[in-house]
Amino acid sequence: LATAAAGQEPYAIAIGGLSSLPGQIGLWLWIYALVFHACHGVRHLLWDSLHGLDRRAQFRHNLVELMATVLSTAAAFLFIHGPRLLNAFA
């Protein structure tokens, strides 16, 4: 938003950087971190209700949290890039 408010030239530079491969990787890592944070928040809600406080349940919740994060990020990736990927293989 700041580059868009600054004018066309800074915005074009920002879009060029974010459209590059390193920029795309950085954005998807940021999305992964955002989804992980949301999944971890759900885990804290479980802890607030006094569920899953023993060591075995925490290990199980670790695995579920990581799987949910990876699957949610992959679903977002396919939602955004899926049509383009399907057209590439058609």
Side-chain angles (χ1 to χ4, degrees):
L1 287 175
T3 58
Q8 265 187 332
E9 188 176 330
Y11 181 72
I13 292 170
I15 290 299
L18 293 174
S19 298
S20 68
L21 183 61
Q24 287 290 302
I25 291 171
L27 284 174
W28 283 105
L29 288 174
W30 180 74
I31 290 171
Y32 175 85
L34 183 69
V35 172
F36 180 82
H37 185 73
C39 290
H40 200 71
V42 171
R43 184 177 179 180
H44 274 275
L45 288 174
L46 286 172
W47 288 348
D48 289 345
S49 65
L50 300 178
H51 288 88
L53 295 176
D54 59 294
R55 193 177 273 298
R56 289 187 77 198
Q58 286 182 2
F59 180 74
R60 190 174 58 246
H61 290 161
N62 285 343
L63 294 177
V64 170
E65 180 181 351
L66 288 174
M67 287 189 311
T69 302
V70 168
L71 291 175
S72 297
T73 304
F77 181 84
L78 289 175
F79 179 76
I80 292 171
H81 293 293
R84 187 172 20 166
L85 293 173
L86 288 177
N87 290 336
F89 293 113

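- Hydrophobic clustering (side-chain heavy atoms under 4.5 Å, transitive across Ile, Leu, Val, Met, Phe, Trp, Tyr) groups F77 together with I31.
- Residues F79 and V35 fall within the same hydrophobic cluster, defined by Ile, Leu, Val, Met, Phe, Trp and Tyr side chains chained together at heavy-atom separations under 4.5 Å.
- Within the structure, salt bridge (charged side-chain N to carboxylate O under 4.0 Å, His left out) pairs that include any residue of residues 32-44 comprise R43-E65 (at least two apart or interchain).
- Remark: L86 CG to H81 NE2 distance equals 13.0 Å, nearest 0.5 Å.
- Hydrophobic clustering of Ile, Leu, Val, Met, Phe, Trp and Tyr side chains at less than 4.5 Å, counting indirect connections, unites L85 with I80.
- Between the CG atom in D48 and the CG atom in L53 there is a gap of 9.5 Å [rounded to 0.5 Å].
- Scanning for side chain to side chain contact (heavy atoms under 4.5 Å, CB included) contacts around L63 gives F59, with sequence neighbours left out.
- Atom-to-atom distance recorded for L66:CG and H40:NE2 is 10.5 Å, nearest 0.5 angstrom.
- With hydrogens and angles ignored, the 3.5 Å screen pairs a side-chain donor or acceptor of S20 with a backbone N or O of G17.
- Ring geometry, F36 versus Y32: the interplanar angle falls under 30°, so the pair is classed parallel (tilted spans 30 to 60°).
- One distance of note links NE2 of H61 with SG of C39; it measures 12.5 Å at 0.5 Å rounding.
- Environment of NE2 in H51: sparse, with no more than 12 heavy atoms of neighbouring residues, nucleotides or ligands closer than 6.0 Å.
- A chain of hydrophobic side-chain contacts below 4.5 Å, direct or via other Ile, Leu, Val, Met, Phe, Trp or Tyr residues, connects L50 to W47.
- Linking ILVMFWY residues whenever their side-chain heavy atoms come closer than 4.5 Å, directly or via other members, leaves W30 and L21 in distinct clusters.
- Counting only heavy atoms from C-beta outward, the side chains of Q24 and L27 approach each other to under 4.5 Å.
- Here the closest heavy-atom approach between residue A6 and residue P10 is recorded as CB-CG, 3.9 Å.
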